[in-house]
Amino acid sequence: MGLNFYNHLGAPQPFDTHRAYVTSPWFSSMTLAAIRGMIALYTLATLLVILIWQATVLHDADGYFSYFTELTHIGICSYYWASFTQTFFYALRQRHSMERLPEYPLQKWPRIFQLLHVMLGTTIISYPILVTIVFWALLASPAVFSTKFGTWSNISIHVLNTAWSLFEMIGTNSPPPRWSMLPCMIIILALYLALAYVTHATQGFYPYSFLNPSTSHSLLAGYIIGIAVAACIVFTLAKTIMWARTKFAFNDASATTFEIRELQNPRSQSPALEMAESLKSEKLV
């Protein structure tokens, strides 16, 4: 039962035999590590600057961790730090090892950490886009661009968050999430909804005005259901984009310069092409 649980959610044993989580169809693992590292640094700086600004200038940092936007951005930052570390170690071992596909640390860690990595990766391809849609459709006003700081912070957490999400979908070999991950994403949203009402009970405010039953009235249920449906649609679109990327990137006729160079190396074959062969025989998507 336990083994099936891990397998169904996308953390089989052995884990990531094709090194999909640490490679890209477009460029080398070291380049991928560098890009992930830069995104990790930028998202961390964004989180810290906004928190410090709210604490020192606005004197309103008490509810920082009550907003789904900030929590989602913390998830993006955490995932990119984790994926940068794993990719960097893989790239180093790839350069100094005679093995065709050297292992990276996560592959030797307990399965629960492998599953959490897969789950965190699934959240960052789903929630950021949902945040962007909800913010610009329901919450944004001309005031978001009224100051230079406001313009930068809103672009960073309500626009670039989607860019980081799309990069993981298109720029890496990370496999599409399993359908069994979708209920997990909905459960996490439900837990956040509970957190929002705990915030109101303990701090006296709703993180998002549309969650206030006194003002939203009967529309509240519609907002909640609508966001849940939007989350399902975003998950499906993200899964489809990643599936399409595997088909496009694995097409021999569209091989990139990097893939051709890898194929000419007698020591190794491109993990992307190797993963493509596997997808023909395994139900990974």
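In what follows, every heavy atom counts, from backbone to side chain, and hydrogens, waters and symmetry copies are set aside. All values derive from a computational prediction rather than experimental measurement. In what follows, residues are counted from 1 in the order of the sequence shown.
- Both Ile155 and Phe149 sit in one connected hydrophobic cluster of ILVMFWY residues. Membership requires side-chain heavy atoms under 4.5 Å apart, directly or through other members.
- Applying the side-chain hydrogen bond (donor to acceptor under 3.5 Å, both in side chains) test to Tyr208 and every residue at least two apart in sequence or in another chain returns Thr69.
- Under the 4.5 Å side-chain heavy-atom criterion for Ile, Leu, Val, Met, Phe, Trp and Tyr, Leu71 and Val198 are members of distinct hydrophobic clusters.
- Grouping Ile, Leu, Val, Met, Phe, Trp and Tyr residues whose side-chain heavy atoms lie under 4.5 Å apart, directly or via other members, places Leu92 in a hydrophobic cluster with Met30, Leu41, Leu44, Leu48, Trp81, Phe84, Phe88.
- Taking OH of Tyr21 as the start and NE2 of His117 as the end, the distance is 7.0 Å to the nearest 0.5 Å.
- Ser78 meets the side-chain hydrogen bond (donor to acceptor under 3.5 Å, both in side chains) test with no other residue; sequence neighbours excluded.
- The shortest heavy-atom contact between Phe89 and Pro105 is CB-CD, 3.7 Å.
- With sequence neighbours left out, Trp109 forms a ring pair (Phe, Tyr, Trp, His ring centres under 6.0 Å) with no residue at all.
- Residue pairs satisfying the side chain to side chain donor-acceptor pair (under 3.5 Å) criterion with at least one member in residues 187-207, sequence neighbours excluded, are listed as follows: Ser66-Thr199.
- Summarising the geometry of Gly171 relative to Ser24, their closest heavy-atom pair is O-OG, 2.7 Å, with the distance given to 0.1 Å.
- The ring pair (Phe, Tyr, Trp, His ring centres under 6.0 Å) search around Phe145 returns Trp136, not counting sequence neighbours.
- A donor-acceptor contact shorter than 3.5 Å links the side chain of Arg19 to the backbone of Thr17.
- Residues satisfying the side-chain contact (heavy atoms from CB on, under 4.5 Å) criterion with Ile112, sequence neighbours excluded, are Tyr6, Pro110, Leu116.
- The stretch residues 120-132 participates, sequence neighbours left out, in these side chain to side chain donor-acceptor pair (under 3.5 Å) pairs: Thr132-Asn161, Thr132-Thr162.
- Residues passing the side-chain contact (heavy atoms from CB on, under 4.5 Å) test with Thr46 are Tyr42, Ile50, His73, Trp152, Ser156, Ile157, sequence neighbours excluded.
- Taken together through direct or relayed side-chain contacts under 4.5 Å among Ile, Leu, Val, Met, Phe, Trp and Tyr, Ile233 and Met185 form parts of separate hydrophobic clusters.
- By the 30° and 60° cut-offs, the orientation of the rings of Tyr90 relative to Tyr104 is perpendicular.
- Note on Leu58 and Phe205: same hydrophobic cluster, where clusters join Ile, Leu, Val, Met, Phe, Trp and Tyr whose side-chain heavy atoms are under 4.5 Å apart, directly or indirectly.
- Formation of a donor-acceptor pair under 3.5 Å by the Ser28 side chain with backbone atoms of Thr31 is found in this model.
- A continuous path of Ile, Leu, Val, Met, Phe, Trp and Tyr side chains, each step under 4.5 Å between heavy atoms, connects Trp179 with Val234, placing both in one hydrophobic cluster.
- Rounding to the nearest 0.5 angstrom, the gap separating the CG atom in Asn173 from the NE2 atom in His18 is 11.0 Å.
- Closest heavy-atom contact between Pro175 and Met242: O-CE, 3.3 Å.
- Annotation for Ala61 and Leu51: closest pair CB-CD1, 4.1 Å, computed over non-hydrogen atoms.
- Although no hydrogens or angles enter the test, the distance criterion places no donor-acceptor pair under 3.5 Å between the side chain of Ser29 and the main chain of Thr87.
- Taking 4.5 Å as the limit, every side-chain heavy atom of Gln54 sits out of range of all side-chain heavy atoms of His59.
- With sequence neighbours excluded, no residue forms a side-chain hydrogen bond (donor to acceptor under 3.5 Å, both in side chains) with Tyr80.
- Counting all heavy atoms, side chain and backbone alike, Ser216 lies closest to Phe210 at OG-O, 2.8 Å.
- Enclosure of atom OH in Tyr67 by more than 12 non-hydrogen atoms of other residues, nucleotides or ligands within 6.0 angstrom is indicated.
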Could you go through residues 221-232 and list every donor-acceptor pair under 3.5 Å that involves a side-chain atom there, pairing it with any protein atom two or more places apart or in another chain?
none

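- Across Ala196 and Pro207, no two heavy atoms sit closer than the pair O-CD, 3.7 Å.
- Put simply, the side chain of Lys239 never gets that close to the backbone of Pro176: no donor and acceptor are under 3.5 Å apart.
- In terms of modelled atom types and a separation under 3.5 Å, the side chain of Ser153 and the main chain of Gly150 share a donor-acceptor contact.
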field: CA sep, side-chain torsions, deciding dist, call: Met181, Val118, side-chain contact (heavy atoms from CB on, under 4.5 Å)
entry: CA-CA 9 Å; Met181 271 292 182; Val118 173; 3.9 Å; yes

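- One finds the CD1 atom of Ile39 at 9.5 Å from the CD1 atom of Ile76 (value rounded to the nearest 0.5 Å).
- Annotation: side chain of Ile74 is in contact with side chain of Phe65 (closest heavy-atom distance under 4.5 Å).
- Residues satisfying the salt bridge (charged side-chain N to carboxylate O under 4.0 Å, His left out) criterion with Glu168, sequence neighbours excluded, are Arg36.
- Contact annotation: the side chain of Phe15 approaches that of Leu106 to within less than 4.5 Å [non-hydrogen atoms, C-beta and beyond].
- The side-chain contact (heavy atoms from CB on, under 4.5 Å) with Met169 is formed by just one residue from the set Ile124, Thr240, Ile129; it is Ile129.
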task: Apply the test side-chain contact (heavy atoms from CB on, under 4.5 Å) to residues Phe135 and Val159: give CA-CA distance (whole Å), side-chain angles for both, the deciding distance (0.1 Å), then the verdict.
output: CA-CA 10 Å; Phe135 178 79; Val159 177; over 6 Å; no

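- With Gln107 contributing its side chain and Asp16 its backbone, the two residues share a donor-acceptor pair below 3.5 Å.
- Counting only distance, with no hydrogens or angles, the side chain of Arg245 and the backbone of Thr172 share a donor-acceptor pair below 3.5 Å.
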query: Would Leu195 and Phe68 count as a side-chain contact (heavy atoms from CB on, under 4.5 Å) if you check the C-alpha gap in whole Å, the side-chain angles of each, and the deciding distance to 0.1 Å?
result: CA-CA 10 Å; Leu195 174 64; Phe68 192 68; over 6 Å; no

- request: Could you check His158 against Asn154 for side-chain hydrogen bond (donor to acceptor under 3.5 Å, both in side chains), going step by step and ending with a plain yes or no?
  value: CA-CA 5 Å; His158 294 125; Asn154 279 296; 3.1 Å; yes

